[in-house]
Amino acid sequence: MDDEVPLRAVVIGSGVGGSAAALLLSHAGIPTLLAEKERRLGGSAAAVERDGFRVDTGTHMLCRGEDGPLGDVLRRVGQGDAIAFRQSGEPAALCFAGAARGGSAGAQQRGGRVALPADLRRLAASALDLARALELTPLEAARAARLLAHATAMRDVDLAACDDVTAEAYAARFLPRAAAAARLGGLLGLPLLLPGSEASAGEALLALRQLARSGRQSYPEGGAARVPDVFCRLARELGAAVRTGTAVRRVLVRDRRVRGVELEDGTTLSARIVVSTAGLASTVAELVGEPHFPEAYVARVRALTPSPRQAQVKIGLRRRLAAAGALAGLGGGAGAPALPFYCVAPTRFDPSLAPPGHELLCACAVSGASGASPGAPPATVDELLRALAGAVPGLLSEAVFVDGSPGDERGPGAELAAGTAQTPGQVGRARPAVYTPVRGLYLAGRAAGGRGAGMELAASSAMECVDRILVDLGRDLGAPAPPALIDIAGDLLGRVAASTVSWVARPRG
């Protein structure tokens with residue numbers, strides 16, 4: 001690095017990835033400025049107050065809490081208990097719309113609702129109900145159970161082998177009937193918010209394995225916005241400057257080296273390190289400029305598929321109706337393509353997020369429904385509301401408010417995450433790296449690096465990004481503490497058991 005430029009880092013964006021990166025850089029002793037263009041912190045993990053509800057602006061997946069990457073970030077800075085994660089007393093549930101009884105458009109829909117155990121390794125107890133809801137034959141039900149057993153026991157090498165296969169294609173290895181494979185593939189792709197025909201099977205199965213091995217599903221106390229809020233507070237305590245309403249106009253580069261940033265008001269700040277969470281395409285084309293990158297890198301960035309925009313709704317209810325911490329499933333029915341959707345009920349984890357006795361639902365529809373024709377438009381808010389109404393009877397009649405955002409527009413107050421879609425060719429070793437050909441320019445958040453889903457993906461990316469920065473600075477990351485003998489023995493036994501189950505349940509033929 002040049003001596004003429006001070007060792008300073010500028011982090012662009014205060015979502016989970018940006019706030020985690022700012023915290024970790026500050027903990028490493030690097031003077032850091034976090035610049036957030038909005039007036040409030042959090043990016044897609046921000047929150048707004050409405051009618052006594054504290055509403056997440058995004059729709060966030062359940063996480064592993066302190067056992068996952070969010071907890072890892074806190075432990076790295078010696079603040080492992082700075083965020084409380086709560087578990088719901090109600091299990092998650094899968095909801096399905098079935099075929100209509102009778103031929104009329106208004107005919108009653110057959111559907112299904114399957115409660116999922118907190119420990120997904122015990123999913124066998126719900127296998128029969130799940131098979132009925134998916135409209136599987138007895139033979140297909142047995143094959144689907146084998147798929148789930150194989151998925152929860154897969155080794156890392158098994159997952160990597162599935163990175164370039166879609167979730168639907170992977171399901172077809174067990175379920176030859178196209179309709180059955182499409183429905184099961186659609187469920188597998190839900191954690192990535194992608195249809196089964198596009199989601200990477202390796203990444204989708206990793207998310208399933210992580211939740212299965214965790215044995216519990218959590219949500220931050222105080223809502224998703226609690227995560228970036230705490231990360232930013234801790235970063236400030238370590239000396240970081242955190243500014244809202246501060247937009248970065250461009251990253252200053254000379255001779256393929258970062259020199260600093262220019263803010264929208266014309267102020268320039270010298271820095272050797274810039275971490276962008278603005279998305280890979282936006283960073284390259286808008287913040288830096290394509291001429292500063294090799295042509296091959298620019299071509300790769302242009303070819304990447306971004307995360308699709310989602311139809312989202314936020315619903316405040318007068319009373320508790322969901323009877324589950326989270327709902328996921330396939331809406332549609334009556335001959336319509338199956339619409340994958342996901343809905344979390346934050347108040348099932350933290351009732352203080354709504355007035356007493358009320359309930360908050362945050363939901364999104366996955367673009368590109370299974371069975372839809374190629375090039376079909378993304379799901380609409382109306383379609384999502386119909387799917388939710390089928391899963392939660394009485395939903396709309398009990399609504400205090402319904403805020404919706406169509407898939408091609410920003411929602412009310414929501415900044416959509418700038419991510420790289422977790423499709424084949426864009427995950428695992430093929431995932432865009434957290435470093436770039438411009439020395440000192442790095443990426444964090446859902447656009448590059450990391451594995452997993454939702455906030456956990458962003459936190460995982462931030463840790464990978466800061467580790468790379470420290471290595472580039474010549475810092476010693478330090479060796480992890482040696483595991484205890486009992487932990488080694490338990491790990492070995494777990495690996496042997498997982499390998500055995502994975503081999504027995506593997507697809508054949």
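Just so you know, residue 1 is the first one in the sequence shown, and it goes up from there.
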Notebook entry, point to check: To the nearest 0.5 Å, what is the distance between CG (Leu62) and OG (Ser218)?
Noted result: 8.0 Å
Check: Can you find a pair of side-chain heavy atoms, one from Arg76 and one from Asp467, that are under 4.5 Å apart?
Finding: yes
Margin query: Can you confirm whether Thr166 sits close enough to Ser200 that some side-chain heavy atom of one is under 4.5 Å from a side-chain heavy atom of the other?
Written below: no
Checklist line | Atom pair CG (Leu205) and CD (Gln210), whose distance is rounded to the nearest 0.5 Å | finding: 11.0 Å
Note to self: Could you check whether any side-chain N or O of Arg475 sits under 3.5 Å from a backbone N or O of Ala28, counting only pairs where one atom can act as donor and the other as acceptor?
What the structure shows: yes
Check: Do Ile12 and Val275 have side chains that get closer than 4.5 Å, going by heavy atoms?
Finding: no
Check: Which distance, rounded to the nearest 0.5 Å, do you find between the OH of Tyr442 and the OG of Ser276?
Finding: 14.0 Å
Next item on the list: Report yes or no: is the cationic atom of Arg468 (NZ for Lys, CZ for Arg) under 6.0 Å from the centre of the six-membered ring of Tyr435, at an angle within 45° of the ring normal?
Entry: yes
Note to self: Pair Glu456, Arg64 - check side chain to side chain contact (heavy atoms under 4.5 Å, CB included), show working.
What the structure shows: CA-CA 8 Å; Glu456 291 197 345; Arg64 291 170 287 162; 2.9 Å; yes
Note to self: For Gln422, run the side-chain hydrogen bond (donor to acceptor under 3.5 Å, both in side chains) check against Glu203, Glu198, Arg431 and tell me which one passes.
What the structure shows: Glu203
Notebook entry, point to check: Between the side chain of Ser461 and the main-chain N/O of Leu457, is any donor-acceptor distance below 3.5 Å?
Noted result: no
Checklist line | Aromatic plane relationship, His150 with Phe174 - under 30° parallel, 30 to 60° tilted, over 60° perpendicular | finding: tilted
Note to self: What's the separation between atom CZ in Arg86 and atom CD in Glu221, rounded to the nearest 0.5 Å?
What the structure shows: 4.0 Å
Checklist line | Leu24 side chain reached by Leu470 side chain, heavy atoms, under 4.5 Å | finding: no
Margin query: Could you tell me if the side chain of Ile83 sits less than 4.5 Å from the side chain of Leu70, heavy atoms only?
Written below: no
Next item on the list: Side-chain contact test, heavy atoms from C-beta onward, threshold under 4.5 Å: evaluate it for Val10 versus Ile273 and give yes or no.
Entry: no
Check: Judged by modelled atom types alone, do Gln312 and Thr59 share a side-chain donor-acceptor pair under 3.5 Å?
Finding: yes
Next item on the list: Drop me the distance from Leu360's CG to Thr347's OG1, to the nearest 0.5 angstrom.
Entry: 5.5 Å
Next item on the list: Search all heavy atoms of Leu23 against all heavy atoms of Val77 and return the closest pair with its distance.
Entry: CG-CG1, 3.9 Å
Item checked: Closest contact, heavy atoms only, Leu206 versus Gly452 -> CD2-N, 4.0 Å
Note to self: Looking at every heavy atom in both Leu190 and Phe341, which two are closest together, and how far apart are they?
What the structure shows: CD2-O, 3.6 Å
Notebook entry, point to check: Do Leu208 and Leu148 have side-chain heavy atoms sitting under 4.5 Å apart?
Noted result: yes
Next item on the list: Answer yes or no: are there more than 12 heavy-atom neighbours, outside Phe85 itself, under 6.0 Å from its atom CZ?
Entry: yes
Check: Do Asp72 and Met463 come within less than 4.5 Å of each other through their side chains, counting heavy atoms only?
Finding: yes
Check: For the atom pair CG (Leu136) and CZ (Arg177), what is the distance rounded to the nearest 0.5 Å?
Finding: 6.5 Å
Next item on the list: Of all the heavy-atom pairs spanning Gln426 and Ala303, show the shortest one and how long it is.
Entry: OE1-O, 4.4 Å
Note to self: Checking Ser197 against Glu168: is there a side-chain donor and acceptor pair closer than 3.5 Å?
What the structure shows: no
